Amino acid sequence: MRLTRHVLPSIRQPFSNSRNLITYTPHFHLQQPLLQMALSAFDTNFQTYNDILNECVNKRAFREGQRVHAHIIKTRYLPSVFLRTRLIVLYTKCDSLGDARHVFDEMHERNVVSWTAIISAYSQRGYASHALNLFLQMLRSGTEPNEFTFATVLTSCTSSTGFILGRQIHSLIIKSNYEDHVFVGSSLLDMYAKDGKIHEAQTVFECLPEKDVVSCTAIISGYAQLGLDEEALELFRRLQGEGMQSNYVTYTGVITALSGLAALDLGKQVHNHVLRSEIPSFVVLQNSLIDMYSKCGNLTYSRRIFDTMYERTVISWNAMLVGYSKHGEGREVLNLFTLMREGKKVKPDSVTMLAVLSGCSHGGLEDTGLNIFHDMTSGKIGVEPKMEHYGCVVDLLGRSGRVEEAFEFIKSMPFEPTAAIWGSLLGASRVHSNVDIGELVGQQLLEIEPGNAGNYVILSNLYASAGRWEDVRSLRDLMLKKAVAKEPGRSWIEIDQVLHNFHASDHSHPRREEICVKVKELSVSFKEVGYVPDLSCVLHDVDEEQKEKILLGHSEKLALSFGLIATAENVPIRVIKNLRICVDCHNFAKYISKVYDREVSLRDKNRFHRIVGGKCSCGDYW
DNA sequence: CTAGGGTTAG
């Protein structure tokens with residue numbers, strides 16, 4: 001019986017045909033290592049070592065495990081492949097990769113299990129390329145991977161070279177008939193999703209004969225991670241209808257999708273469901289909830305979750321800090337950062353510092369932000385500033401109007417400036433109407449990033465503000481010539497758990513007519529109290545009347561107007577835009593807030609704009 | 001004995 005148990009898994013049969021094992025004839029497959037294993041079952045030393053090592057593994061008892069290992073060496077006991085593999089697992093579980101590797105290197109022979117164990121050790125610790133190299137060595141050594149090996153090695157296929165190898169591994173999987181295995185399949189579809197190949201992921205998922213929580217979660221999260229939030233939500237609903245079981249990881253994926261959609265009511269519903277269904281409050285799930293509420297515009301709920309957590313990771317702090325930062329709550333960012341440093345339990349990392357610096361910038365605390373950056377460079381914080389942090393400094397200087405200084409700062413950086421850095425300075429030049437620097441930077445940027453439509457728009461706005469219409473025109477021609485594709489602007493609003501999408505050229509909304517009438521009506525009445533359409537936001541070469549028409553068709557105006565029609569008078573209008581909000585729409589929203597005495601919360605690509613009584617939390621800088 | 005899905009930033 002004992003023998004059979006050891007022998008069974010090593011027979012290379014597709015898992016789906018496990019019934020065929022009945023036809024198995026023992027003597028045919030009884031190879032050398034198995035014999036040894038069978039014999040060692042009668043070896044009392046083996047049994048003792050094995051029992052103790054298993055206990056050490058379960059208890060993650062590193063010291064005790066080391067003593068067992070030392071005993072094996074001292075007594076000159078020759079451990080089997082089996083026992084050596086236990087040692088690899090022990091050291092892996094105890095976070096001692098070097099020891100695990102040492103045991104592996106000393107092995108006189110290896111089997112698929114020992115290979116898989118060492119590959120798993122490297123992939124768990126994040127050493128993807130080491131894991132992949134070991135996998136290749138394994139193949140060269142003539143050891144055939146099994147379903148465990150495939151499921152493991154695919155998790156290390158995360159870089160661009162990894163993805164190429166991953167595709168090749170996929171064909172190996174097909175050849176060796178593991179395609180239908182649910183562990184292999186989840187790992188495989190996850191790899192495709194991480195490579196952005198969602199259709200391949202979907203195909204792998206659909207071909208799985210049996211789906212479980214993990215494979216379902218992998219495909220839902222795959223969609224969510226790629227920003228295909230609506231698809232993720234739709235799939236979640238469908239699979240739920242088909243009887244899928246969800247656990248906390250599934251909900252984490254769904255909540256990520258709802259964060260992207262800023263669907264507050266749906267998010268609350270899922271949160272309630274989680275609370276009711278006795279799913280343990282894992283940190284990861286709570287982190288995703290903090291982020292969800294903040295991205296839905298409700299920082300109070302985020303903070304409530306944050307405050308009640310019994311354990312916080314650096315991600316919990318970062319999610320909360322990023323929340324305050326995106327809402328322009330600079331003071332709160334600093335307060336929380338102080339709390340974090342005083343608590344000393346969790347160390348700030350580079351994301352923390354990104355949140356703190358951008359929080360100072362969004363919150364108008366430029367000098368504080370610059371001081372914190374100096375603390376970083378002098379080593380006071382313990383986080384080395386990287387390119388992104390330098391980018392924040394450009395933002396800080398630009399925001400406080402020190403455009404020339406920002407330019408000098410970029411030139412003095414220890415890095416080659418990226419397009420994002422130049423882009424930030426271009427934005428600053430536009431806000432402060434610094435045509436000289438803006439032009440210099442803009443032209444440079446158009447060469448680095450000729451396909452980024454946003455750069456043309458900002459530079460054009462800058463020229464327009466200086467009355468340089470000839471330059472505006474030639475810029476538009478250049479854009480046409482280079483066939484720059486602009487990501488279509490899209491805005492949406494959630495009303496009674498339903499998301500209403502608006503698109504500048506899309507007439508599909510059932511109440512479109514009514515909405516268009518409302519926008520025009522608003523425009524007319526706002527003009528009476530001072531609203532002047534900002535025609536420089538329109539790049540098309542048409543007459544002014546046409547330009548105004550185009551402006552009124554902007555998706556955020558449609559969503560805002562629909563919000564005004566379809567929501568109660570006392571609730572804030574919450575609109576989400578996929579790109580940066582345009583100056584004219586920002587102004588339009590201010591008039592809504594003033595004339596109708598309604599709070600407007602507008603989330604764009606970069607931050608929140610909380611507009612009350614005609615004033616915006618961004619201070620008109622974004 | 002060895003295995004799959006998850007949170008912040010850009």
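Chain naming here is simple, since letters A, B, ... match the order of the sequence lines and numbering starts at 1 in each. Because the structure is a prediction, the values reported are computed rather than measured.
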**Q.** Interface with DNA chain B, restricted to residues 198-208 of chain A and to heavy atoms under 4.0 Å
**A.** none
Q) Got a sec, which residues hit side chain to side chain donor-acceptor pair (under 3.5 Å) with A/S96, two or more places apart in sequence or on another chain? A) A/D99
**Q.** side-chain N/O A/R84 vs B/dC1 OP1/OP2, d < 4.0 Å
**A.** no
Q.
Once hydrogens and angles are ignored, does a donor-acceptor distance under 3.5 Å link the base of B/dG5 to the side chain of A/N247?
A. yes
(Q) With a cut-off of less than 4.0 Å, is there a side-chain N or O of A/K295 near OP1 or OP2 of B/dA9? (A) yes
**Q.** A/Q124 side-chain N/O to B/dT2 phosphate OP1/OP2 under 4.0 Å
**A.** no
**Q.** OP1 or OP2 of B/dA3 under 4.0 Å from side-chain N/O of A/T116
**A.** no
Q: Return yes if a side-chain donor-acceptor contact under 3.5 Å exists between A/S215 and A/D212, otherwise no.
A: yes
Q. Got a donor-acceptor pair under 3.5 Å from the side chain of A/Y251 to the base of B/dG6?
A. no
**Q.** Listed nucleotide nearest any side-chain atom of A/F82, set B/dT8, B/dC1, B/dA3
**A.** B/dC1
**Q.** Check: A/S187 side chain, B/dG4 base, donor-acceptor under 3.5 Å
**A.** no
Q.
Side chain of A/A151, heavy atoms from C-beta onward: which of B/dG6, B/dG4, B/dC1 has the nearest atom to it?
A. B/dG4
(Q) What contact category does A/T252 fall into here, base, sugar-phosphate, or nothing, at under 4.0 angstrom with non-hydrogen atoms? (A) sugar-phosphate
**Q.** Test: A/R238 and A/E234 ion pair at under 4.0 Å
**A.** no
Q) Nearest of B/dT2, B/dA3, B/dA9 to any side-chain atom of A/E147? A) B/dA3
Q) Can you check whether A/K326 has a side-chain N or O nearer than 4.0 Å to OP1 or OP2 of B/dG10? A) yes
Q.
Would you say A/K194 places a side-chain N or O within less than 4.0 Å of OP1 or OP2 belonging to B/dG6?
A. yes
Q. Parallel under 30°, tilted from 30 to 60°, perpendicular over 60°: which one fits the rings of A/H273 and A/Y251?
A. tilted
**Q.** With sequence neighbours excluded, residues passing side chain to side chain donor-acceptor pair (under 3.5 Å) with A/K211
**A.** none
